Amino acid sequence: MLDFLDFSFLDILDIILVAVLLYYTYKLLRGTVAINIVIGIALIFVIWKATQALHMEMLSGILGYLLSGGVIALIIVFQQEIRKFLLMIGTNNLTNKRGFLNQLRFLQTDLNTETDTDTIIKSCSTLATSKTGALLVIERTNKLDFLVSTGDKMNAQINDAIIQSIFYKNSPLHDGATIIRDNNIIATRVILPVSENTKIPSRFGLRHRAAIGITEKTDAVCVIVSEETGEISYVKDGGFILYKDEEELLQLLRHDLSS
């Protein structure tokens with residue numbers, strides 16, 4: 001009855017691989033509503049395995065049909081998350097040294113992002129003072145090359161003056177999003193996919209909806225300055241991340257770009 005407790009090397013390897021898969025699934029879904037659904041499915045799966053081990057045929061059969069029959073429904077529910085997961089696996093960032101070490105976090109010692117986060121937050125603070133709208137999309141592991149073609153390509157190192165000039169109200173480059181890769185601005189006037197989430201409060205405009213849209217589809221993070229209120233927003237994984245002050249926002253940005 002308790003034969004399943006006999007462990008072999010392959011059983012241990014199987015458990016380790018499943019643990020790694022669960023970790024990356026949690027990392028992908030962390031902070032989203034979908035994590036609650038995954039937890040529910042995981043509990044049902046554990047109960048199903050327990051009923052199988054205890055030879056509770058009727059209950060295990062019902063749960064088995066429930067899990068197997070819900071695969072198509074899960075694909076529909078998690079289509080955005082599945083897309084992000086496949087992008088994360090297929091990203092060509094794994095071919096470069098920094099991207100590879102970012103994936104193997106346990107090998108990191110003092111590996112920090114090269115992006116000048118201080119300048120980004122300082123520039124956004126200045127823009128917020130004058131209520132100048134801005135949308136900065138900061139690339140992480142998922143390449144955003146598919147968006148660059150929708151705007152104007154650029155190859156300029158981040159500094160306060162260039163960010164101010166891009167989003168100056170009379171500048172031809174201020175409309176749309178600006179994409180940052182490492183410590184370089186690679187494109188301006190980029191058109192982003194707008195989120196279709198109906199739960200976004202009506203007070204948020206097109207910039208905020210675009211930021212939510214791109215972070216739903218990729219692992220990029222966005223910093224937005226509201227043209228109406230001058231408020232600085234931080235968006236990650238399709239949702240707003242709350243913070244107390246600019247120092248905490250800076251720490252959040254540093255942490256997300258180094259993980």
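Just so you know, these numbers come straight off a predicted model, no measurement behind them.
- Under a 3.5 Å cut-off, the side chain of T215 and the backbone N or O of A220 do not form any donor-acceptor pair.
- Within the 4.5 Å cutoff, the side chain of V137 has no heavy atoms near those of the V190 side chain.
- Applying the salt bridge (Lys or Arg N to Asp or Glu O under 4.0 Å) definition to pairs two or more places apart or across chains, those involving residues 185-196 are D152-R189.
- Inter-residue side-chain proximity for I185 and I158 is flagged as met; some heavy-atom pair is nearer than 4.5 Å.
- Interatomic distance, L135 CG to I166 CD1, rounded to the nearest 0.5 Å: 12.0 Å.
- Residue E246 holds its CD atom at 12.0 Å from CG of L253, rounded to the nearest 0.5 Å.
- Side chains of T119 and D160: a donor-acceptor N/O pair is absent below 3.5 angstrom, by distance only.
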Next item on the list: Apply side-chain contact (heavy atoms from CB on, under 4.5 Å) to V225 and T132, showing your working.
Entry: CA-CA 7 Å; V225 179; T132 302; 5.8 Å; no

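- Remark: side-chain polar atoms of S195 are not paired, donor with acceptor, to backbone N or O of G213 under 3.5 angstrom.
- Without hydrogens or angle criteria, S125 side chain to I121 main chain gives no donor-acceptor distance under 3.5 Å.
- Contacts of E228 classified as side chain to side chain contact (heavy atoms under 4.5 Å, CB included), with partners at least two apart in sequence or in another chain: S226.
- For the atom pair E139 CD and D219 CG, the distance stands at 8.5 Å (nearest 0.5 Å).
- Listed by chain and residue number, nothing satisfies the side-chain hydrogen bond (donor to acceptor under 3.5 Å, both in side chains) test with S149 (two or more places apart in sequence, or in another chain).
- Applying the salt bridge (Lys or Arg N to Asp or Glu O under 4.0 Å) test to every pair with at least one member in residues 118-137, sequence neighbours left out, gives these pairs: D118-R254.
- How far CG of L59 is from OG1 of T51: 5.0 Å, rounded to the nearest 0.5 Å.
- D145 has its side chain within reach of R181: a pair of non-hydrogen atoms, C-beta onward, lies under 4.5 Å apart.
- Inter-residue side-chain proximity for V223 and I232 is flagged as met; some heavy-atom pair is nearer than 4.5 Å.
- Under the side chain to side chain contact (heavy atoms under 4.5 Å, CB included) criterion, D14 pairs with V18, not counting sequence neighbours.
- Atom CE in M154 sits 12.0 Å away from atom CD1 in I179 (nearest 0.5 Å).
- The hydrophobic clustering, which links ILVMFWY residues whose side-chain heavy atoms are closer than 4.5 Å, places L54 and I47 together.
- Put simply, the side chain of S130 gets close to the backbone of L127: a donor and an acceptor are under 3.5 Å apart.
- Side chain of S171 to backbone of S165: a donor-acceptor contact under 3.5 angstrom is found.
- A heavy-atom distance below 4.5 Å is not found between the side chains of V148 and L144.
- Residue pairs meeting the ring-ring contact (aromatic ring centres under 6.0 Å, His included) criterion with at least one member in residues 115-134, sequence neighbours excluded, do not occur.
- Between L147 and I214 the shortest side-chain heavy-atom distance falls below 4.5 Å.
- Between G230 and A128, the closest heavy-atom pair is O-CB, 2.9 Å.
- With sequence neighbours excluded, the residues satisfying ring-ring contact (aromatic ring centres under 6.0 Å, His included) with F45 are W48.
- Across all their heavy atoms, L192 and A177 have their closest contact at CD1-CB, 3.7 Å.
- Annotation: the span from I212 atom CD1 to N197 atom CG amounts to 6.5 Å, rounded to 0.5 Å.
- A donor-acceptor pair under 3.5 Å is formed between the side chain of N159 and the backbone N or O of A161.
- Atom NZ of K169 has more than 12 neighbouring heavy atoms from other residues, nucleotides or ligands inside a 6.0 Å radius.
- Note on L43 and V46: separate hydrophobic clusters, where clusters join Ile, Leu, Val, Met, Phe, Trp and Tyr whose side-chain heavy atoms are under 4.5 Å apart, directly or indirectly.
- Hydrophobic side-chain contacts under 4.5 Å tie L242 to no other Ile, Leu, Val, Met, Phe, Trp or Tyr residue.
- Sorted by first and then second residue, the pairs that involve residues 152-207 and meet ring-ring contact (aromatic ring centres under 6.0 Å, His included), not counting sequence neighbours, are F204-H208, F204-F240.
- Between L21 and L17, every side-chain heavy-atom pair lies at or beyond the 4.5 Å cut-off.
- Remark: I241 engages Y234, K236, L252 in a side chain to side chain contact (heavy atoms under 4.5 Å, CB included) (not counting sequence neighbours).
- With hydrophobic clusters built from ILVMFWY side chains whose heavy atoms lie under 4.5 angstrom apart, L173 does not share a cluster with I191.
- Judged as a side chain to side chain contact (heavy atoms under 4.5 Å, CB included), and not counting sequence neighbours, the contacts of D245 are E247, E248.
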Notebook entry, point to check: Does the side-chain contact (heavy atoms from CB on, under 4.5 Å) test come out yes or no for I120 and D116, once each step is laid out?
Noted result: CA-CA 7 Å; I120 292 174; D116 189 351; 5.8 Å; no

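- With hydrogens and angles disregarded, a donor-acceptor distance shorter than 3.5 Å links the side chain of R140 to the backbone of D256.
- Checked against side-chain hydrogen bond (donor to acceptor under 3.5 Å, both in side chains), T150 has no partners two or more places apart in sequence or in another chain.
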